[in-house]
Trainee: 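Can you keep this structure in mind? I'll have questions shortly.
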Amino acid sequence: MNSCARRRRRPGRVAHGALCLGLVLAVAGCASGGSGRGPDSRPARADAPVTAPATAPATRAPGPSARLPIARYSLTAEESALLSKAERRAMAECMSRYGLPYDTVAESPAGSSDRRYGLLDKTEAQTHGYHPPKASDLGLNRPSDEAWQVITGGVGTYNGREVPSGGCVAEAGRALRGDAEPPAAAQTAQEISAGAFDESRSVPEVRNVVADWSACMKAKGFTYASPLDAVDDFTGRPGATPQEVSTAVADVACKEETRLVDTWLSAEAGIQQAKLAAHGDALAVLEERHRQQVDAARTILARAGE
């Protein structure tokens with residue numbers, strides 16, 4: 001199962017160290033659900049720029065994860081966009097030292113929607129089924145083999161210049177986050193997020209609304225005990241079939257009809273609040289770390305005149 005889709009089982013990190021949107025979409029990794037590399041859509045020339053669409057899709061409305069109490073210890077959407085932009089700028093500066101273009105744009109593509117409680121986006125369901133949007137669907141070009149080696153640090157030198165440890169991606173990350181390891185509070189926040197999600201599945205209100213969702217799906221001709229089972233049924237398949245699309249569309253419709261997300265979100269929020277009451281002081285370090293990252297991003301962009 002690809003890591004992006006698996007987030008419904010183990011909700012993603014609250015304090016992200018790596019910026020999936022800023023880097024991985026740019027090199028077409030996370031969005032494709034694959035290895036991030038492949039001969040099918042990669043430009044043949046080493047000097048082909050890594051680009052994003054001239055006009056990026058509109059920013060998504062915040063998903064359910066952003067409405068949970070633990071989101072206080074995450075970057076806001078605006079802060080994430082700022083760090084993503086700064087990371088792309090730092091990547092471009094690094095790549096330019098080797099004569100390799102790396103284009104930057106004002107905004108990143110929206111990518112896949114929040115899937116904490118399974119697929120929620122009707123358009124995604126109609127277009128991709130349960131699969132995340134592919135890099136090509138987002139208008140992104142994959143880097144050449146040579147560019148990839150510099151990005152990831154797969155070579156020690158390029159064009160007579162030493163490549164930084166871990167490549168340009170690592171250098172950009174260090175520019176934003178420094179060399180320090182993520183604080184222990186980041187692991188605590190992740191455990192609270194994942195633990196609350198798991199516990200919420202046993203809450204009577206959640207069990208009841210999941211049963212309502214299952215009955216709704218049954219009425220539409222699909223037999224699944226929970227939304228997570230529906231996703232698992234199509235995991236690992238190479239692409240969305242008509243059956244997958246029709247299942248996904250029905251899934252999203254039944255979530256809306258039963259108000260599954262609102263019910264599940266309310267139950268999980270209550271569990272998170274109780275857990276946060278015991279760890280709030282320890283998690284405060286995350287807010288300071290995020291402030292430092294935002295300050296570093298602003299410095300990078302100011303240096304570039306942006």
Trainee: Is any NZ, NE, NH1 or NH2 atom of the basic residue among Glu288 and Arg291 found under 4.0 Å from an Asp or Glu carboxylate oxygen of the other?
Mentor: yes
Trainee: Looking at side-chain heavy atoms only, is the closest gap between Tyr102 and Ser96 below 4.5 Å?
Mentor: no
Trainee: Given Asp251 and Lys122, is the salt bridge (Lys or Arg N to Asp or Glu O under 4.0 Å) satisfied, shown in steps?
Mentor: CA-CA 9 Å; Asp251 177 0; Lys122 181 178 179 180; over 6 Å; no
Trainee: Can you tell whether the side chains of Glu268 and Arg116 come within less than 4.0 Å, N to carboxylate O?
Mentor: yes
Trainee: So, Thr258 side chain and Cys254 main chain: donor-acceptor pair closer than 3.5 Å or not?
Mentor: yes
Trainee: Are the side chain of Gln272 and the backbone of Ile70 linked by a donor-acceptor contact shorter than 3.5 Å?
Mentor: yes
Trainee: Within the distance-only criterion (no hydrogens, no angle test), does the side chain of Glu256 pair as donor or acceptor with the backbone N or O of Ala253 below 3.5 angstrom?
Mentor: no
Trainee: In the structure I gave you, are the side-chain heavy atoms of Pro164 and Arg174 within less than 4.5 Å of one another anywhere?
Mentor: yes
Trainee: Using 0.5 Å steps for rounding, measure from the OG1 atom of Thr235 to the CG atom of Asp232.
Mentor: 5.0 Å
Trainee: Does the pair Thr247 and Tyr130 meet the rule for a side-chain contact (heavy atoms from CB on, under 4.5 Å), with working shown?
Mentor: CA-CA 9 Å; Thr247 304; Tyr130 291 104; 3.7 Å; yes
Trainee: Can you tell me how far CG of Leu100 sits from OG of Ser144, rounded to the nearest 0.5 angstrom?
Mentor: 6.5 Å
Trainee: Around Arg259, counting heavy atoms of other residues, nucleotides and ligands shown, do more than 12 lie under 6.0 Å from its CZ?
Mentor: no
Trainee: Would you name the heavy atoms of Ala267 and Val203 that are closest together and state the gap between them?
Mentor: CB-CG1, 4.0 Å
Trainee: Taking the six-membered ring for Trp, are Trp213 and Tyr117 closer than 6.0 Å centroid to centroid?
Mentor: no
Trainee: Would you mind checking if Glu162 and Arg97 are paired as a salt bridge, meaning a charged N to carboxylate O distance below 4.0 Å?
Mentor: no
Trainee: Tell me every residue that passes side chain to side chain contact (heavy atoms under 4.5 Å, CB included) with Val249, counting only those two or more places apart in sequence or in another chain.
Mentor: Ala125, Gln126, Val245
Trainee: Quick one: does any side-chain atom of Thr157 pair with a main-chain N or O of Gly160 as donor and acceptor, under 3.5 Å?
Mentor: no
Trainee: Exactly one of Arg89, Arg298, Arg88 should register a salt bridge (Lys or Arg N to Asp or Glu O under 4.0 Å) with Glu306. Which one does?
Mentor: Arg89
Trainee: When you look at Leu276 and Tyr73, which way does the side-chain contact (heavy atoms from CB on, under 4.5 Å) test go after all the steps?
Mentor: CA-CA 10 Å; Leu276 288 172; Tyr73 302 100; 3.8 Å; yes
Trainee: Would you give the length of the straight line joining atom CD1 of Ile300 to atom CE of Met91, rounded to the nearest 0.5 angstrom?
Mentor: 12.0 Å
Trainee: With the side chain counted from C-beta on, respond yes when Thr223 and Met217 share a heavy-atom pair under 4.5 Å apart, and no when they do not.
Mentor: no
Trainee: Between Lys275 and Glu191, does any side-chain N to carboxylate O distance fall below 4.0 Å?
Mentor: no
Trainee: Heavy atoms, side chains only, cut-off 4.5 Å: are Val150 and Glu146 in contact?
Mentor: no
Trainee: To the nearest 0.5 Å, what is the distance between CZ (Arg72) and CG (Leu283)?
Mentor: 9.0 Å
Trainee: How about Arg207 and Arg201: do any of their side-chain heavy atoms sit closer than 4.5 Å?
Mentor: no
Trainee: Under a 3.5 Å distance rule, please check whether Ser246 uses its side chain to pair with a backbone N or O of Gln243 as donor and acceptor.
Mentor: yes
Trainee: Which class fits the ring pair Phe234 and Tyr224: parallel under 30°, tilted 30 to 60°, perpendicular over 60°?
Mentor: tilted
Trainee: Got a donor-acceptor contact below 3.5 angstrom from the Ser214 side chain to the Val210 backbone?
Mentor: no
Trainee: Checking His131 against Glu124 for the side-chain contact (heavy atoms from CB on, under 4.5 Å) test, could you report, in this order, the C-alpha distance in whole Å, the side-chain angles of both residues, the deciding distance, and whether it holds?
Mentor: CA-CA 8 Å; His131 286 68; Glu124 282 186 25; over 6 Å; no
Trainee: Do Arg289 and Arg177 have side chains that get closer than 4.5 Å, going by heavy atoms?
Mentor: yes
Trainee: Minimum heavy-atom separation for Asp114 and Ala66, please, with both atom names.
Mentor: OD2-N, 4.4 Å
Trainee: Indicate the atoms forming the closest heavy-atom contact of Ala185 with Ala282, along with that distance.
Mentor: CB-O, 3.4 Å
Trainee: Indicate yes or no: does Lys220 engage Glu257 in a salt bridge with an N to O separation below 4.0 Å.
Mentor: yes
Trainee: Using the side-chain contact (heavy atoms from CB on, under 4.5 Å) rule, take Leu83 and Leu75 through it: C-alpha gap first, then chi angles, then the decisive distance, then the call.
Mentor: CA-CA 9 Å; Leu83 265 65; Leu75 294 165; 3.8 Å; yes
Trainee: Provide the closest heavy-atom pair for Ala240 versus Gly129 in the form atom of the first, atom of the second, distance.
Mentor: CB-N, 4.1 Å
Trainee: Is there a side-chain contact between Pro64 and Leu120 in this structure, where contact means two heavy atoms from C-beta onward sitting under 4.5 Å apart?
Mentor: yes
Trainee: Which atom pair, heavy atoms only, marks the closest approach of Thr123 to Asp121?
Mentor: N-OD1, 3.0 Å
Trainee: Please examine the side chains of Leu82 and Leu301, heavy atoms only from C-beta on, and report whether any two atoms are closer than 4.5 Å.
Mentor: yes
Trainee: At what distance, to the nearest 0.5 angstrom, does OG of Ser80 lie from CD of Gln293?
Mentor: 9.5 Å
Trainee: Once rounded to the nearest 0.5 Å, what's the spacing between atom CD1 of Ile192 and atom CG of Leu68?
Mentor: 12.0 Å
